[in-house]
Structure formats: structure tokens, C-alpha cells
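This report refers to the structure that appears directly beneath it.
Values reported hereafter were calculated over all heavy atoms of this structure, with side chains retained and with hydrogens, waters and symmetry mates removed. Keep in mind it's a predicted model, so treat the numbers as computed, not measured. Below, chains carry the letters A, B, ... as their sequence lines are ordered, and counting in each starts from 1.
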Number of protein chains: 2
Amino acid sequence: MGSSKTHIFSIQQNELAQAAKVLAHPARIAILEYISKQEGCICNDLVDEIGLAQPTISQHLNEIKKIGLLKGTYEGKNLCYCIDQERWLELQQAFNNFFSNINLNCC
Amino acid sequence: MGSSKTHIFSIQQNELAQAAKVLAHPARIAILEYISKQEGCICNDLVDEIGLAQPTISQHLNEIKKIGLLKGTYEGKNLCYCIDQERWLELQQAFNNFFSNINLNCC
DNA sequence: ATTTAATATTGCAATATTACGATAATAATA
DNA sequence: TATTATTATCGTAATATTGCAATATTAAAT
């Protein structure tokens, strides 16, 4: 017990749930929104902006990276990253499909 | 430590994250998809369909109910419920806004 | 080669989630 | 009222998430 029984669900169901999980924390929503507000890539100021400790921000960024939503060079000084457009649109479509394919003719 | 610092984020950020959290489990995706496939309301057969124990299904349904995505009468024999259209469209719009308002002109 | 600034990793504690067996509550029906 | 079928709640164990201090790594700049 304790762990999700992912194997009894389809790949699509697991993938959508996985993507939703990344959005399921306000810090990660805030991070994505902040990056998007910038003109170009984002460097440095995320910790001051969000208000969580640096290791915590780093972990959240890692969660976002793991589903491919961030691109950039991740090593060294002046790390700069931004949202991966292709992956972003892919997830947007996945959520949109999910919401659109639901049948609402009931009750 | 351990609990999310929700107070440092906006209401909108917390609400979207909360909605995403409900979608962040394949069982709940499966439940929503299954209900939507039915002609009308869904009664009874969810446990057999999903493949999790009845208390577990009940808990997942409760999570979905808590953000207002299900309506129906929840007591007694032949409990019938279905997706709340108004709330569904509200969340669809919230996700759509989030994905659309992101600025992708970078890198 | 050292220093420095930025990011990542580790270790740990607190909290949350997931799952299910056992049991309780509910409401229709006999 | 007693039975029955259905759904909810309780209790508990396993696992996952969140957050941060301490530390390590990285790479540019001195």
C-alpha cells in the first residue's frame, strides 16, 4: 500500500496525471508564470521572486524539467532557462483534449 | 516543514494548483473519463470498472467532489452522480488561460 | 590556481497521499 | 422492522511530497 497503482491505468491516463502533478503546486505555477513574463530567458532572480529557499526552488525546477517543460543550459554560473515551446503546446493540447472530450449531456 | 507554503502565493495560483492536484492521479482521470463515456449518470459499477477497492474509489470521488466537479445525490442506494458542467467549463477555462497566457518568445 | 557566485545534491523532519480491511451509515425493499 | 445493497468513514501501513540547512558542484573571473 501507499504507492499508486499506475499499472492498471493507460499510458495516456498516467501521462496526463503526471503532467497535472507538476502543475499541482502553486510554487511551480508561479515559477512558470514568472518565467513567461520575462522578455527572454530567466537567470538568477527566481529565489528572491518566489520566496522559497534556493534548494526548494531547485527541486521545483527539477520537477518541471523532468516533464520537459524547461530548456536551457543547466550548468555553471548564470544558468538560463526558458519554457520549451514544443512541449508546452503538447501539454496544452493534452489538457485541452481531456477537457473537450468529456461528455456533459447529463442530469 | 512538510506542508506547502500556500500563503505566499496568489489565490489564482493556489486554485489552479488545487485543480491540477485533483487531476494528478490516473484513477481520477479514469473516473472522470468513465463517467463522461456513459449516456447519463453513473451508478454502482465504478469499482469494477477502475480496479481499486471500494473505499479507495470513494476517497477519489470525494477529492473530485471537493472541487465541485461532481453533482448528484450522494446518499442511499443507487447513488447517481455526473460531472457538473458549469464547474467543468470553469476549470477548462482556467487551464486554457494558464496555457495561453504563457509567453513563448524566447530562446 | 584561487576565489566567487550560482546551482545541485544530501540528509532529515514534517506533512500529505494512496490504498485497503473492517466497520458504520444509509435508504430502498421485503 | 429486518434485510440487503450501496456508499462513507475509520484505522493503519506504506509511500510520496515539501521545505530547508548544510554541503557539494560547477564554471566564470581574478
Phosphate-side-chain proximity, B:H60 and C:dT17, N/O vs OP1/OP2 below 4.0 Å: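 Answer is no, no contact under 4.0 Å.
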What integer distance in Å separates [X]:[atom1] from [N]:[atom2]?
X	N	atom1	atom2	answer
B:L61	D:dT9	CG	C1'	14 Å
A:E63	C:dA8	CD	P	13 Å
A:I50	D:dT18	CD1	C1'	15 Å
B:E49	D:dT6	CD	C1'	18 Å
B:N62	D:dC10	CG	P	11 Å
B:L70	D:dA8	CG	C1'	15 Å

Sequence neighbours excluded, which residues qualify as side-chain contact (heavy atoms from CB on, under 4.5 Å) partners of [X]?
X	answer
A:A53	A:P55, A:T56
A:S3	none
B:E15	B:I11

Identify which nucleotide among C:dA8, C:dT18, D:dG19 has an atom closest to any side-chain atom of A:S58, counting heavy atoms from C-beta outward.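 Ranking C:dA8, C:dT18, D:dG19 by closest atom to the A:S58 side chain puts C:dA8 first.
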Between C:dT9, D:dG19, D:dC10, which one does the side chain of B:Q59 approach most closely?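 Of the options given, the side chain of B:Q59 lies nearest D:dC10.
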Expected output is a numbered-order residue list: members of residues 5-28 of chain B with a heavy atom under 4.0 Å from any atom of DNA chain C. What is it?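 B:K21, B:H25, B:R28 - these, ordered by number, are the residues of the stretch whose heavy atoms sit under 4.0 Å from the strand.
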Could you go through nucleotides 22-24 of chain D and list every protein N or O atom that sits under 3.5 Å from one of its N or O atoms, giving the distance for each pair?
none

Ring pair (Phe, Tyr, Trp, His ring centres under 6.0 Å) with B:F95: which residues, sequence neighbours excluded?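 B:F95 satisfies ring pair (Phe, Tyr, Trp, His ring centres under 6.0 Å) with A:F95, A:F99 once adjacent residues are dropped.
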When you match A:L52 and B:T56 each to their closest nucleotide on DNA chain D, which lands nearer the 5' end?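 The answer here is B:T56.
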Among all residues two or more places apart in sequence or in another chain, which pass the salt bridge (Lys or Arg N to Asp or Glu O under 4.0 Å) test with B:E63?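 By the salt bridge (Lys or Arg N to Asp or Glu O under 4.0 Å) rule, B:E63 matches B:K66.
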Test salt bridge (Lys or Arg N to Asp or Glu O under 4.0 Å) applied to B:E90 - qualifying residues, sequence neighbours left out: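 With sequence neighbours excluded, B:E90 shows a salt bridge (Lys or Arg N to Asp or Glu O under 4.0 Å) to B:R87, given in chain and number order.
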Donor-acceptor pair, distance only, cut-off 3.5 Å: does the side chain of B:N14 make one with the backbone of B:T6?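 Flag set: sc B:N14 to bb B:T6 pair under 3.5 Å.
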Indicate yes or no: at least one non-hydrogen side-chain atom of B:P26 is less than 4.5 angstrom from one of A:K5.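 When only atoms from C-beta onward are counted, A:K5 and B:P26 do not touch, as no gap falls below 4.5 Å.
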Of all residues at least two apart in sequence or in a different chain, which pass the side chain to side chain donor-acceptor pair (under 3.5 Å) check with B:E33?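 For B:E33 the side chain to side chain donor-acceptor pair (under 3.5 Å) partners, ignoring immediate neighbours, are A:Q13.
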Heavy atoms under 4.0 Å, any strand shown: does A:I57 hit a base, just sugar-phosphate, or nothing?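 Nothing, no heavy atom under 4.0 Å.
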If you find the nucleotide of DNA chain C closest to A:S4 and the one closest to B:S3, which residue's nucleotide is nearer the 5' end?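 The residue mapped nearer the 5' terminus is B:S3.
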